[in-house]
Amino acid sequence: MEIISSCDIAGKLCRQSRQSNQIISMVPTMGYFHAGHMSLMRWAKEQSTMLVVSLFVNPAQFGPGEDFDRYPQDLERDARLAGEAGVDLLFMPRAMDMYPAGYSTWVEVESLSHFLCGSKRPGHFRGVSTIVCKLFNLIRPHKAVFGQKDWQQWIIIRKMVRDLNMDVEVVGRPTIREADGLAMSSRNAYLSDEERKSAPQVYQGLVHVRELFRSGQTERKMLENLLLKYYRDNLPQAEIDYVQVVDAQTLETSRQARSGSLAAVALKLGRTRLIDNILLK
Ligand code: PAF
């Protein structure tokens with residue numbers, strides 16, 4: 001496995017690989033790998049002859065007061081795990097190279113970036129789409145793989161690629177969960193023991209709302225209120241950012257939920273912001 005931080009060298013290597021008919025797949029990450037990342041890597045490896053993983057904690061997608069400064073990191077462990085997963089290139093650019101002094105170009109997928117997390121984290125998706133666009137330009141992957149826990153991110157990147165005629169297939173892969181249902185996330189490392197014990201309720205609430213939908217409750221507002229009530233009853237210490245039922249593709253709301261709607265939640269347990277979602281079908 002090559003570990004490269006230079007944008008020029010990584011770009012050159014990938015260009016040469018493409019010219020020699022390698023099929024490049026890419027998993028963009030911010031590191032601190034967990035089983036979710038590993039499953040994306042394993043899947044991407046099977047799809048390609050060259051697997052590139054980027055590891056970059058992107059300052060542009062964190063707002064003031066968010067966790068940029070304390071985002072968990074363990075580069076040595078990440079490099080070992082990437083090697084074990086068969087990663088060919090671990091690309092770890094430096095912030096000063098990705099955003100040199102005077103940097104001023106941003107990519108924003110306007111239609112989708114203001115819903116859900118976008119309404120609570122202004123500028124977050126602009127930072128995400130910009131860095132992913134830059135990574136795609138450098139690595140030029142044939143396929144890029146994202147986890148569906150970050151459903152909105154996946155939908156936004158897919159739209160960016162379509163709108164900007166980028167030649168990359170964007171794939172979303174199912175959320176990987178702990179045995180008790182908690183969605184894998186690097187941020188789970190922030191949870192105290194007490195918070196970790198109650199965190200599976202985030203997913204249990206979503207399962208509950210899917211059951212309600214399956215048993216005939218389709219009124220969106222009602223589903224949202226019942227989900228909110230579930231969290232108030234079962235996770236009273238949580239600070240809810242949003243609880244929403246939206247169209248899974250457009251992220252827009254309508255009066256009735258239907259098969260293919262998405263129930264999504266973001267909440268804070270102590271200092272940890274957790275997000276999760278479930279398809280209603
Ligand atoms: O999901 C993430 O880890 C990040 O948002 C991404 C896609 C690597 C962009 O920084």
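Whatever order the structure lists ligands and atoms in, that order sets their numbers, starting from 1.
When each atom of ligand 1 is checked for a heavy atom of Pro28 under 4.0 Å away, the hits are 8 (C). Below 4.0 Å from some heavy atom of Ile131 lie the following atoms of ligand 1, by number and element: 9 (C), 10 (O). Close approach of ligand 1 to Gln153 (heavy-atom distance below 4.0 Å) involves ligand atoms 1 (O), 2 (C), 4 (C), 5 (O), 7 (C).
Residue contacts with ligand 1, taken as heavy atom pairs separated by less than 4.0 Å, involve Thr29 solely via the backbone atoms N, CA, C and O.
The heavy atom nearest to atom 9 (C) of ligand 1, out of those in Lys149, Gln61, Met30, is found in Gln61.
Scanning for side-chain hydrogen bond (donor to acceptor under 3.5 Å, both in side chains) contacts around Glu169 gives an empty result, with sequence neighbours left out.
Checked by atom type and distance alone, the side chain of Asp78 pairs as donor or acceptor with a backbone atom of Phe33 at under 3.5 Å. For the pair Ser215 (side chain) and Leu212 (backbone), a donor-acceptor distance under 3.5 Å is present. With hydrogens and angles ignored, the 3.5 Å screen pairs no side-chain donor or acceptor of Thr130 with any backbone N or O of Gly127.
Nearest approach of Phe213 to Arg258, heavy atoms of both residues: CZ-C, 3.4 Å.
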